[in-house]
Each structure stands twice: as structure tokens, then as C-alpha cells.
Amino acid sequence: VHCILITTMNQNGEHRVLLNRHFDSSTRADQAEWESKMFDAASQDFGMMREDEEQMVALAQGRLIVFTKVADVFLFVAGSGAHDELVLSELLSSLVAVLRALIPKGPTGSGVLDQYAKVSLGVDEMVNGGNIELLDAQRVLLGSGLKWDKK
């Protein structure tokens, strides 16, 4: 996995990054450039999204980007190689499930910011160093200590 981004969009159509994880050793300037190219590639499909959690796929610089929208939040995962669009789609679905569990009123921009530490911990539990570790949302929550097993 190359990166995971959670953003909102302002009135001018510009993305405001709420959380980003880049799993390569790129500089912050390279990351910002990649994010800009990713948003440009994905923006062509924003208008085609008919409902929340509908996933779309784009391609930028040889990397696949799978993205979706939930309420006012856009979620992006990008990867290449063994991480094809099906694997990235599963990761994105798991991320949405984790956000729904962590944010009681549903994943919104303010909810992500309110629960930033927990969301960050959940993302880190799912992907470690660019390698997908967990895709089961319940195991992510249990493994990171965000939910206690009631047994």
C-alpha cells in the first residue's frame, strides 16, 4: 500500500487532509505532489458517485487509487504491485467499518478530528509499513485495544 488519506472538501472543491499515512520514504514535498495528482485523477469520478460508500478506481503514476465518500469525508487508498484494486477495495471497506465503529454519529470530518487518535491507531493496526496486516474491522478494534472482547 502506498498511502491512505482521509479528507474533506471545501466549497472551492479543494481537499483538506484530515489524516494521511504514506508508507514509502518520500519527502513531505513528494507526498504533497502525489496527493495533488491523486486528487486530480480521482476528481474526474466524483460526480459519478451516486451514493455513500460507492467505490471508484482511478490510476495516477502507475498506482491504483480506490476511493469512496461517506457523508462529508473522502477516503483514499493507493497501491501498486500485489495490491490490486480488489485488495485496495477490501482495505477501504474495512476502513469505513472501523470509522463507523469509532465515530458514534457516523464518519464525518468533525468526527474524524474528534476521534483522531483512535482513527490513527486503527489505520496503523490495519497497515504496517505498507503491508496490509488486518482487514477484519472487529479484529482491528480488538487488536488495537479500541474495543474490549466481552467474553
Side-chain angles (χ1 to χ4, degrees), residues 1-46 49 52-137 139-141 143-146:
V1 175
H2 174 66
C3 70
I4 296 176
L5 287 161
I6 301 175
T7 71
T8 58
M9 191 181 292
N10 66 18
Q11 292 85 2
N12 298 331
E14 297 169 343
H15 283 272
R16 185 174 136 226
V17 176
L18 303 175
L19 180 138
N20 66 356
R21 289 288 187 278
H22 290 266
F23 300 105
D24 56 8
S25 57
S26 58
T27 65
R28 181 61 197 133
D30 291 340
Q31 292 172 2
E33 181 181 339
W34 161 249
E35 290 172 10
S36 176
K37 289 179 181 180
M38 184 176 61
F39 296 145
D40 288 345
S43 67
Q44 300 168 12
D45 295 329
F46 289 152
M49 298 173 95
D52 275 2
E53 296 187 47
E54 180 179 0
Q55 295 186 0
M56 304 294 279
V57 179
L59 183 67
Q61 293 184 322
R63 296 178 182 142
L64 288 167
I65 306 159
V66 181
F67 59 97
T68 192
K69 180 179 183 275
V70 180
D72 66 338
V73 175
F74 289 86
L75 300 108
F76 299 86
V77 294
S80 59
H83 298 111
D84 64 10
E85 61 269 23
L86 296 176
V87 173
L88 295 174
S89 175
E90 186 66 27
L91 176 60
L92 188 59
S93 295
S94 295
L95 180 58
V96 170
V98 167
L99 290 177
R100 288 196 180 284
L102 292 176
I103 304 170
K105 295 181 182 178
T108 61
S110 61
V112 170
L113 292 176
D114 289 345
Q115 299 296 323
Y116 185 84
K118 291 180 180 180
V119 172
S120 294
L121 190 56
V123 167
D124 292 342
E125 191 73 20
M126 295 173 76
V127 179
N128 183 7
N131 298 311
I132 298 173
E133 299 286 327
L134 286 174
L135 289 176
D136 181 349
R139 289 189 62 206
V140 169
L141 296 169
S144 60
L146 296 172

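We're numbering straight along the sequence, starting at 1. These numbers come from the heavy atoms of this one structure, side chains and all, not from hydrogens, waters or symmetry mates.
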Subject >> Nearest heavy-atom neighbours spanning Gly109 and Thr8 >> reply: CA-CG2, 3.7 Å

Original post:
Can you find a heavy atom in the side chain of Ile4 that is under 4.5 Å from one in the side chain of Phe23?
Top reply: yes

Original post:
Under a 4.5 Å cut-off applied to non-hydrogen side-chain atoms, are Ile103 and Gln115 in contact?
Top reply: yes

**OP:** Kindly give the heavy-atom pair with the smallest separation between Leu19 and Ser120, and that separation in Å.
**Re:** CD1-OG, 3.3 Å

Original post:
Does some side-chain heavy atom of Met38 sit less than 4.5 Å from a side-chain heavy atom of Cys3?
Top reply: yes

**OP:** May I ask you to decide whether Glu35 forms a salt bridge with Arg28, counting only side-chain N to carboxylate O separations under 4.0 Å?
**Re:** yes

**OP:** Would you sort out whether Asp30 and Asp24 count as a side chain to side chain contact (heavy atoms under 4.5 Å, CB included), showing the intermediate values?
**Re:** CA-CA 10 Å; Asp30 291 340; Asp24 56 8; over 6 Å; no

Original post:
Can you say whether the rings of His2 and Trp34 are parallel (under 30°), tilted (30 to 60°) or perpendicular (over 60°)?
Top reply: perpendicular

Original post:
Would a 4.5 Å heavy-atom cut-off, applied to side chains only, mark Leu102 and Leu141 as touching?
Top reply: yes

Original post:
Which one of Val119, Leu75, Val140 satisfies the side chain to side chain contact (heavy atoms under 4.5 Å, CB included) criterion with Leu95?
Top reply: Leu75

**OP:** Return yes if a side-chain donor-acceptor contact under 3.5 Å exists between Ser93 and Gln55, otherwise no.
**Re:** yes

**OP:** Please report the shortest heavy-atom distance between Val73 and Pro107, naming the atom on each side.
**Re:** CG2-O, 3.9 Å

Original post:
Testing Ile65, Asp45, Val66 for side chain to side chain contact (heavy atoms under 4.5 Å, CB included) with Met56, which one passes?
Top reply: Asp45

Original post:
Considering only heavy atoms from C-beta outward, does the side chain of Ile6 approach that of Tyr116 to under 4.5 Å?
Top reply: no

Original post:
Thr7 and Phe67: side chain to side chain contact (heavy atoms under 4.5 Å, CB included), yes or no, with the steps?
Top reply: CA-CA 11 Å; Thr7 71; Phe67 59 97; over 6 Å; no

**OP:** Taking the side chain as every heavy atom from C-beta outward, state whether Leu91 and Val1 have any pair of such atoms under 4.5 Å apart.
**Re:** yes

**OP:** Please tell me if the side chains of His15 and Leu5 come closer than 4.5 Å, counting only heavy atoms from C-beta onward.
**Re:** no

Original post:
What pair of heavy atoms forms the shortest contact from Ser80 to Gly62, and how long is it?
Top reply: CB-O, 4.0 Å

